[in-house]
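Residue numbers count from 1 along this sequence.
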Amino acid sequence: MSDLIKKSAAELGSLISQGQVSSREVTQAHLDQIAATDPTINAFLFIDNEGALAQADLADRTKGEGKSPLHGVPLALKDVLTQKGVPTTCGSKILEGWRPPYDSTVVTRLKDSGVIILGKTNMDEFAMGSSTENSAFGPTRNPWDTERIPGGSGGGSAAALAAFQAPLAIGTDTGGSIRQPAAVTGTVGVKPTYGGVSRYGLVAFSSSLDQAGPCARTVLDTALLHQVIAGYDPKDATSINAAVPDVVAAAQRSDVKGMKIGVVKELSGDGYEKGVADRFAESLAILESQGAEIIEVSCPNFKYALGAYYLIAPSEASSNLARFDAMRYGLRVGDDGSRSAEEVMSLTRAAGFGAEVKRRIILGTYALSAGYYEAFYGSAQKVRTLITRDFAAAYQKVDVLVSPTTPTVAFKIGAKSDDPVSMYLSDVATIPVNLAGVASMSLPAGLSEGLPVGFQIIAPAMKDDRLYQVGGALERELHRQWNGPLTHQIPELQVR
């Protein structure tokens, strides 16, 4: 194992810019680690060996041109964002082999900053899931314990970080799919303010909830990546035309003295494992010792968030996934000249979509049907408004809100496969954030029975810098206790 793969992205960027190491050396070291570990982890669906090394050579030739601090640093890209000429499957058989003719805005900004894209990471099909067990190409495994899930739907990106296959990754978060994998793999993940990062080229699951965001092993690395991908994009109608908060300065400042931190009453208590609750309490004590004021806050409508989400998201999915009809691109089944277009469409969807995607399409189609629209989808949107008002009221009293990221540590692969409702309950602490469009971070808070626990920070819209300010302060003390990032404690046997 090369020493380069355990360095932070900030350290690698500095070494490359100073000429102490080349981007090609760094990229090759991570490609070697992928080759050694991914047969077990299954974090990647496509590894772009040739393309990544070509990007690295270009980065080495242009390193003096004053690009990003991440110039020449490798990254793992969730397979829901388009990259021109590179397979993009969204973890689904229905898109197997599809190569987009254009780059998403996130990919364009990564390339413009000299970041090296190693390949596309595994995910729950069309981002529908909380465990990365719903991929058509097999589950991803958690490097902490390869019998356990790495979270979902972005488990591939988080596992790649934890297995030292990449120092940076991009995920997407519809109901917690950046933050949950970060929590159970001991990494950092941020769901930016909705509209803060362009959704152009992000294959839609639920358009009013989906948001791409940065993932890494440290708060500063996550901030540096956030700075690269964020900002207004005229190609995205929901993009916010405003300055990006200075997240890097906030991560470096890491001062919570005088800040008011609200503990959400409704995101604790019953259903949270003792080890998760204990690590959360210890993290609060650290922040209080650094001068923050801890205040309990009630957000009474959060208890309806799970139900509202599982009406809104499937409804939007049933509309968005209608485009996969076997007529334009992707999989086509039964087109032998003897069947009608409708029959081909039906056979293709039956073969191409997995069980969870079918479940959500059926649920969403029912919720939008005549006679039920207002009772289900309309009511869920009203609850969404109430949740947004709860956030607004809370932010009148505090600067940020906090909670555990997930109620439990990573569970065993297959443990919840036959119980979708139990799986959906994994989202209970993360979903309110997406419904309101505010910003949120998960960072490591320690271990429970040898497995990572996540600490969630929630900031008002376009106040993403507060996530990094609080997260950096907590991380600084925890890194002192752990002698570096929590991922350095992963048993070596699990990532060989």
Side-chain angles (χ1 to χ4, degrees), residues 55 62 65-71 75 77-86 88 90 95 98-115 117 120 126-127 154 168-174 177-178 190-215 222-250 312-313 316-317 319-323 328-329 384 388 433-440 459-465 467-468:
Q55 294 171 57
T62 59
E65 296 181 5
K67 295 191 176 184
S68 163
L70 299 178
H71 184 86
L75 172 141
L77 182 69
K78 187 177 180 180
D79 197 28
V80 71
L81 286 148
T82 60
Q83 182 181 354
K84 185 176 180 180
V86 172
T88 300
C90 300
L95 277 177
W98 181 58
R99 293 176 180 257
Y102 68 100
D103 283 334
S104 60
T105 295
V106 166
V107 167
T108 298
R109 290 179 174 171
L110 290 171
K111 289 180 176 179
D112 288 347
S113 297
V115 174
I117 301 174
K120 307 296 285 294
F126 286 102
L168 299 168
I170 296 292
T172 63
D173 195 307
T174 305
S177 293
I178 287 174
V190 169
K191 189 218 81 84
T193 297
Y194 181 79
V197 174
S198 174
R199 291 188 303 110
Y200 178 77
L202 193 169
V203 180
F205 159 20
S206 179
S207 301
S208 73
L209 301 168
D210 297 339
Q211 184 61 69
C215 312
T222 312
L224 290 167
L225 183 55
H226 190 142
Q227 188 177 58
V228 166
I229 64 174
Y232 176 64
D233 178 16
K235 295 178 180 178
D236 175 6
T238 60
S239 181
I240 298 173
N241 191 359
V244 178
D246 194 344
V247 294
V248 174
I312 293 170
E316 295 184 3
S319 176
N320 280 324
L321 270 62
R323 72 192 70 180
R328 288 165 284 191
Y329 49 79
R384 185 178 195 169
T388 302
V433 167
N434 300 80
L435 291 171
V438 295
S440 183
M462 294 306 290
K463 300 294 183 182
D464 302 50
D465 52 322
L467 303 175
Y468 294 94

Less than 4.5 Å apart, any side-chain heavy atom of P192 and any of H226? yes
Hey, are the side chains of K463 and P245 touching, using non-hydrogen atoms and a 4.5 Å cut-off? no
Under 3.5 Å, is there a donor-acceptor pair between the D210 and T172 side chains? no
Is the backbone N or O of T88 less than 3.5 Å from a side-chain atom of Q83, with the two atoms forming a donor-acceptor pair by type? no
R384 side chain to L435 backbone, donor-acceptor under 3.5 Å: yes
Taking salt bridge (Lys or Arg N to Asp or Glu O under 4.0 Å) as the definition, give me every residue that meets it alongside K111, ordered by chain and number, with sequence neighbours left out. D103
Spell out, as yes or no, whether a donor-acceptor pair under 3.5 Å connects the side chain of N241 to the backbone of Y232. no
From K78 NZ over to C215 SG, what is the distance, rounded to the nearest 0.5 angstrom? 8.5 Å
Kindly give the heavy-atom pair with the smallest separation between V248 and A223, and that separation in Å. CG2-O, 3.7 Å
T105 side, atom OG1; D112 side, atom CG - distance, nearest 0.5 Å: 10.5 Å
With no hydrogens and no angle check, is any side-chain donor or acceptor of D464 less than 3.5 Å from a backbone partner on V247? no
Does any part of the side chain of I170, heavy atoms only, come nearer than 4.5 Å to the side chain of L225, both counted from C-beta? yes
Minimum side-chain heavy-atom gap L110-I229 below 4.5 Å: yes
Less than 4.5 Å apart, side chain to side chain, heavy atoms only: is that true for L77 and V107? yes
Using modelled atom types only, decide if a donor and an acceptor are shared between the side chain of E316 and the backbone of S207 within a distance under 3.5 Å. yes
Within a strict 4.5 Å, meaning less than it, do heavy atoms of the L70 and S113 side chains meet? no
With distance as the sole test, does S239 use its side chain to make a donor-acceptor pair with the main-chain N or O of P234 at under 3.5 Å? no
I want to check something: taking the side chain as every heavy atom from C-beta on, are R99 and Y329 in contact at a cut-off of under 4.5 Å? no
Would you say the side-chain atoms of Q211 pair up with the backbone N or O of G195, donor to acceptor, closer than 3.5 Å? yes
Search all heavy atoms of V228 against all heavy atoms of S68 and return the closest pair with its distance. CG2-OG, 3.5 Å
Which residues satisfy the salt bridge (Lys or Arg N to Asp or Glu O under 4.0 Å) test with D79, sequence neighbours excluded? K120
Verify, without hydrogens or angle tests, whether T193 (side chain) and M462 (backbone) share a donor-acceptor contact under 3.5 angstrom. yes
Quick check: closest heavy atoms across I117 and Q55, and the distance to 0.1 Å? N-OE1, 2.9 Å
pair I178-V190: side-chain heavy atoms closer than 4.5 Å: no
Do side-chain atoms of T82 reach the backbone of S104 as a donor and acceptor pair under 3.5 angstrom? yes
Please report the shortest heavy-atom distance between F205 and F126, naming the atom on each side. CB-O, 3.5 Å
Testing the basics here: between A313 and L209, what is the closest heavy-atom pair and its distance to 0.1 Å? CB-CD1, 3.9 Å
Determine the minimum heavy-atom distance between A212 and V197, stating which atoms define it. O-CB, 3.8 Å
